[in-house]
Colleague: 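A single structure is presented below for examination.
Only a predicted model underlies this, so the values are computations on that prediction, with no experimental measurement involved. Just so you know, these numbers use all the heavy atoms, side chains as well, and skip hydrogens, waters and symmetry mates.
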Amino acid sequence: MSLSVENLRIYYQTLHGDVQALDGVSFSIGDGEIMGLAGESGCGKTTLGYSLIHLAPPKRFVEGCVMLDGEELPIWDNERMVDFRYKKVSIIPQYAMNALNPTRKIGKMTRELLESRRLRYKDYLPELKRRLDLVQLSQDVLDMYPIELSGGMKQRMVMVLSTLLNPSLLIADEITSALDVSTQKAVAEMLVEFRDREFVKSMIVVTHDISILYQIADSILVMYAGKLAEKAPTETIIHSPRHPYTQLLISSLPEVGVKYSEKKLTGIPGSPPMLLNPPTGCRFRDRCPFAFAKCVEEPPFVEVEKDHYVACWKEMPVHD
Amino acid sequence: MIKVENLTKIYRTGTFGGKELHAVSDVSFEVQPGEVVSLIGESGSGKSTIGKMILRLISITSGRITFNGEDISKLKGRELKEYYRKVQGVFQDPFSSYNPIFKADRIFEMVRQEFYPHISSREWKDRVVKALEDVGLNANHCLNKYPHQLSGGQLQRFLIARALLLDIQFLVADEIISMLDASTRIDVLNLLAELKQRGLSILFITHDLSLANYISEKAIILYRGCITEMGATEKIFTDPLHPYTRMLIASVPRLDKKWEHVEMELDRRAGEVNGGCVFYDRCPVADKGCAQFRPPMVEVEEGHYVACYRVMDEMDPVNKALEHSLSKQ
């Protein structure tokens with residue numbers, strides 16, 4: 001068990017009160033697992049990804065426990081997290097292309113980055129060069145400024161830098177959403193290769209694009225309005241989802257080959273609830289075609305089959 | 001309706017404008033009334049540039065765009081205003097299409113001031129409500145709000161409603177759903193399909209092939225400003241001929257099939273096109289002739305055009321002989 005998150009609650013502080021962006025989230029990721037984190041904008045997926053590495057105001061830690069490799073990750077304490085960031089937990093940010101310092105040559109920037117972690121550039125240089133070869137970047141890039149690299153090259157450079165210290169957990173935040181289909185594919189396959197070569201132990205890939213996750217992820221976690229809706233192995237989520245939200249989300253994706261004139265797809269009517277004062281009970285209730293009386297109570301996130309977790313009363317085994 | 005003939009756009013780049021960047025080169029196509037044509041390409045393929053030239057937001061280097069037979073680059077003053085009454089655009093980012101200081105429905109009032117000053121505000125209000133209904137919005141819920149109070153899908157539908165208030169015949173939809181969530185994007189797509197059934201022509205600019213296939217009858221694949229393949233969407237999807245189109249279709253992430261591992265060059269050298277086929281440096285099946293000469297567009301079957309020597313070879317032995325003799329010269 002590489003990462004386990006227990007009942008994590010992160011709120012955003014605003015003038016009008018707390019926005020409950022992440023409300024009681026529990027899940028775990030195994031060694032070598034690539035977990036996809038999917039959901040609509042504003043569902044809390046990026047909040048979850050970022051709070052595992054850098055929890056800064058207006059985000060506020062309310063409660064929860066994050067264990068990484070059997071050690072508790074002090075995510076509420078920015079100072080103590082310094083020892084973990086980059087070494088144990090690393091991130092590829094959403095706009096990786098703008099993540100490099102434009103005033104430093106890339107080699108110098110890397111040196112500064114390593115020295116800030118009290119590591120010697122010299123010790124890591126051979127490995128760095130080996131990995132540049134792996135992603136088909138010339139070693140000359142170390143003597144270049146970021147402006148001399150194309151977008152795709154910068155993206156690969158950031159991926160190499162982020163994973164240089166072999167972190168246990170890598171968070172990839174929407175890294176494919178700004179790319180073309182062909183570049184998207186190359187980047188996504190690179191993520192899988194980094195895992196296969198054990199540069200990173202496990203990975204959280206945050207994206208709104210479920211079809212990308214189907215290609216690379218081992219399991220998919222679907223979030224809705226700050227809560228977990230469903231987690232299962234990729235095949236199960238795509239082919240036999242049990243939560244109504246997942247079902248509707250997947251049926252609204254236009255697949256290659258579907259035409260409007262032959263098969264009209266439908267979206268999900270309505271919009272997610274405001275998280276400032278979220279409704280009690282199931283948060284998907286207002287948009288759910290299957291909602292019934294029980295849904296005013298909050299559904300627990302339980303395992304309905306092996307490795308298949310769902311938060312929906314409809315799927316609950318009946319006890320009483 | 002809209003006819004584009006040999007359209008070319010060259011940008012001057014470099015410190016003193018000494019270099020040329022061919023954003024669009026020699027593109028010709030036509031959009032019929034009630035037709036949705038998809039313009040598909042990666043970033044930098046010139047697809048948005050074509051849309052902007054049709055909307056007269058940027059100038060044309062050479063070539064011609066005609067709307068119902070009239071050259072649009074010659075329109076001035078009143079005629080130009082009449083053109084905009086019929087041709088409108090909606091763009092990628094709905095949030096930056098609005099001025100955040102004003103309420104979102106100000107865009108409707110602007111249309112009235114500019115185009116319909118003689119209509120009373122009461123009648124105008126009815127028209128706005130009607131247009132909002134057409135795009136599937138409830139006026140009571142979304143009028144009188146600021147842009148940040150509305151969702152991306154709502155704002156995007158506002159912009160379409162704004163276009164519908166005019167006597168619109170042609171809509172340039174430039175990546176209008178790429179910023180929207182999966183659950184709402186299909187609604188906006190369906191809206192476009194409904195408008196099409198009412199006779200509106202749409203130029204649907206996108207990089208997502210599955211969306212293009214869902215909505216359009218005709219597809220145009222662009223690469224570095226050149227058309228590589230053009231024809232009925234079905235034909236292009238079921239039987240892609242150009243190696244670039246094949247690569248593009250193979251890399252679309254889909255839910256029914258996993259990617260096969262195909263080695264792919266990640267980088268492309270942008271910009272300069274020198275004589276040969278634009279896809280030469282990434283093409284797996286290119287040969288010497290491809291580096292020297294730009295392949296012409298040929299019709300391989302009815303309504304399906306491809307610009308590729310390799311496809312021509314397979315089609316016609318005469319072409320092959322011709323090309324060989326050319327490459328020997």
Colleague: Starting from the C-alpha separation in whole Å, work towards a yes-or-no answer on salt bridge (Lys or Arg N to Asp or Glu O under 4.0 Å) for Glu175(B) and Lys47(B).
Modeller: CA-CA 10 Å; Glu175(B) 296 268 19; Lys47(B) 55 190 194 305; 3.8 Å; yes
Colleague: Please examine the side chains of Pro58(A) and Tyr12(A), heavy atoms only from C-beta on, and report whether any two atoms are closer than 4.5 Å.
Modeller: yes
Colleague: Does NZ or CZ of Arg131(A) come closer than 6.0 Å to the centre of the six-membered ring of Phe199(A), within 45° of the ring's axis?
Modeller: yes
Colleague: Hey, is Glu194(B) close enough to Arg198(B) for a salt bridge, meaning N to O under 4.0 Å?
Modeller: no
Colleague: Is it the side chain or the backbone of Gln197(B) that comes within 4.5 Å of chain A heavy atoms, both, or neither?
Modeller: side chain
Colleague: Considering only heavy atoms, which portion of Thr266(A) lies under 4.5 Å from any heavy atom of chain B: side chain, backbone, both, or neither?
Modeller: backbone
Colleague: Just so I understand: if I count every heavy-atom pair under 4.5 Å between each of Asn190(B), Ile215(B), Thr233(B), Leu211(B) and chain A, which residue has the most?
Modeller: Asn190(B)
Colleague: Ignoring hydrogens and geometry beyond distance, is a side-chain donor-acceptor pair present between Asp208(B) and Ser210(B) at under 3.5 Å?
Modeller: yes
Colleague: I'd like to know if Arg195(A) and Asp218(A) make a salt bridge, using a cut-off of under 4.0 Å between side-chain N and carboxylate O.
Modeller: yes
Colleague: Tell me, please, which residues at least two apart from Asp187(B) pass salt bridge (charged side-chain N to carboxylate O under 4.0 Å, His left out).
Modeller: none
Colleague: Answer yes when Glu229(B) and Arg246(B) have at least one side-chain N-carboxylate O distance shorter than 4.0 Å, and no when they do not.
Modeller: no
Colleague: When only heavy atoms count and the cut-off is under 4.5 Å, which of residues 227-248 of chain A reach chain B?
Modeller: Glu235(A), Ile238(A), His239(A)
Colleague: Report which part of Ile212(A) has an atom under 4.5 Å of a heavy atom belonging to chain B: side chain, backbone, both, or neither.
Modeller: both
